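Before any comments, here is the structure.
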Number of protein chains: 2
Amino acid sequence: MASKSKMDGSIGAKNKQKILVAAEKAFATYGFKGTSVQQIADEAELPKTNILYYFKSKQGLYVAMLQDIMSLWNSRFDQVTEDDDPAESLADYIADKMTMSRTHPQASKIFAMEVLNGAPYLNKFFSNEHVAWMEGRVAILNSWIAQGRMTAVDPLYLLFHIWACTQHYADFSAQITSLRGKTMKRADFDEATRQLVQLILSGCGLTVPEKYAESAK
Amino acid sequence: MASKSKMDGSIGAKNKQKILVAAEKAFATYGFKGTSVQQIADEAELPKTNILYYFKSKQGLYVAMLQDIMSLWNSRFDQVTEDDDPAESLADYIADKMTMSRTHPQASKIFAMEVLNGAPYLNKFFSNEHVAWMEGRVAILNSWIAQGRMTAVDPLYLLFHIWACTQHYADFSAQITSLRGKTMKRADFDEATRQLVQLILSGCGLTVPEKYAESAK
DNA sequence: CAAAAAAATGACTAAGTGGTCAGGAAATTG
DNA sequence: CAATTTCCTGACCACTTAGTCATTTTTTTG
């Protein structure tokens, strides 16, 4: 019927997806070197040769999975303009990133490992889209500062610190769980988000929006 | 002469140290699985078999190196009491941790990898010394809050956020370098430290001590 | 200086790895 | 329904790896 989709391999597409999910789980747990194609195959419940049929090599699969992951790195903050409210925009951004850490910890860990390793497969992305994104956001933050709507902090470092804190909850969950004696549940993430929003916004001379203020209890 | 040191193998001790240094460099760059004993041997300029002679296995060497690294995790903040000044104590702690990221990035990366991996070799440390340390620090922060000397933030999350931001400069240096277009020099670290101290302290309702205030421009 | 202990090392092994390939099964298409 | 393309897979290979072992060299010690 749909003449358009010709034959993009409905079977192939489904298997590729299955493999990508398995790869994400395995790579997040054992790293690139620590993961064997066989492990991914077991996780995906497919024979090893089948993995190599869809993805030409282990590295090819890894790169495909990385691209998949990078597409998650979008948020409402991408569309914010200098006319928006600094406090609400930043608070929402922090909350979005915290949600990512809660719902996609594996993706965060893989990203972290990749950067720790010198980001060999992300350098192109970093020096293109990412730099452009950064420049746009920095300009807006500087505009807010020039308008006297927030304290004069360096926007670059501010963004670094927001990333550091939000990703920390995914990447260092093992340490956090050990120190708390229990895993972070949804309610704990909400509390951490409030704490972080308060810290960052106060640090920028902003008032915490109603919805991120102290909750029940 | 010194009858005490009997024969703790002055040669052995020196070689062990050499191997540990080489191992730190290799493991930080390629991870545990990604590093071969041969690479460490090359780096240490010793035959591979010699590595296995001093450390019974690759894993044994890794654990020994981890212990070495964990001993670096001390700072002036360990001795702070509830009578000390919150602003100065916290600012100094942040500065200490930033210095660690600048001078020992490899140690930070290895620690990060280990925790990312679920901290298999650190769980014992986490649930003993580390928890005790944490409780002590939390008590002091709570005391400062009770004394009305700082805003009522949750000390646990505050410490998480300090770690996250400071370690970020070592662990994510690849990303930071890409986005800045140049590596972080000593002066950049100093600026980042001032920015972070300002952010955190303001976020806690504290006044930034003189020595961390805006510097020459 | 001889005996004992510590240090060094080349040759080897057993296990695991990513990847190839040829041949066959299933699905799609004209 | 035949032909073509896509999909699937067992057998296999070249290579790397951690770790062993027997032997030799160096250092320490009585």
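By convention in this document, chain letters (A, B, ...) are assigned in the order of the sequence lines, proteins followed by strands, and residues within each chain are numbered from 1. Just so it is clear, the structure is predicted and the values come from calculations on it, not from any experiment.
- Considering only residues two or more places apart in sequence or on other chains, A:Thr49 meets the side chain to side chain donor-acceptor pair (under 3.5 Å) condition with none of them.
- Listed by chain and number, the residues in a ring pair (Phe, Tyr, Trp, His ring centres under 6.0 Å) with A:Tyr157 amount to none (sequence neighbours excluded).
- For the pair B:Gln38 CD and C:dA11 P, the interatomic distance rounds to 14 Å; values are reported in whole Å.
- By the side chain to side chain donor-acceptor pair (under 3.5 Å) test, A:Glu88 is found to be paired with no residue, residues two or more places apart in sequence or in another chain being considered.
- Every residue two or more places apart in sequence or in another chain that forms a salt bridge (charged side-chain N to carboxylate O under 4.0 Å, His left out) with B:Lys25 is listed here: B:Glu43.
- Under the side-chain hydrogen bond (donor to acceptor under 3.5 Å, both in side chains) criterion, the residue pairs touching residues 56-68 of chain A are A:Gln59-A:Tyr121, A:Tyr62-A:Glu114, with sequence neighbours excluded.
- Applying the ring pair (Phe, Tyr, Trp, His ring centres under 6.0 Å) criterion to A:Phe126, with sequence neighbours excluded, gives A:His130.
- Residues of residues 28-35 of chain B that place a heavy atom closer than 4.0 Å to DNA chain C do not occur.
- In this pair, B:Phe77 and B:Tyr93 present their aromatic rings parallel. The plane angle is below 30°, not in the 30 to 60° band.
- Separating the NZ atom of A:Lys18 from the P atom of D:dC7 is a distance of 14 Å, rounded to the nearest angstrom.
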Would you be so kind as to tabulate the donor-acceptor pairs closer than 3.5 Å made by side chains of residues 98-106 of chain B, with sequence neighbours excluded?
residue: B:Thr99; atom: OG1; partner: B:Ala95; partner atom: O; Å: 2.9
residue: B:Ser101; atom: OG; partner: B:Thr166; partner atom: O; Å: 2.7
residue: B:Thr103; atom: OG1; partner: B:Thr99; partner atom: O; Å: 2.9

Between the protein and nucleotides 13-16 of chain D, which nitrogen or oxygen pairs are less than 3.5 angstrom apart?
none

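- Every residue was checked against the side chain to side chain donor-acceptor pair (under 3.5 Å) condition with A:Lys16, not counting sequence neighbours, and none meets it.
- For residues 40-58 of chain B, proximity to DNA chain D is found at B:Lys48, B:Thr49, B:Ser57, B:Lys58, defined as any non-hydrogen atom under 4.0 angstrom from a strand atom.
- When the nearest nucleotides of DNA chain D are assigned to B:Gln59 and A:Asn15 by heavy-atom distance, the more 5′-ward of the two goes with A:Asn15.
- Listed by chain and residue number, nothing satisfies the side chain to side chain donor-acceptor pair (under 3.5 Å) test with B:Asn50 (two or more places apart in sequence, or in another chain).
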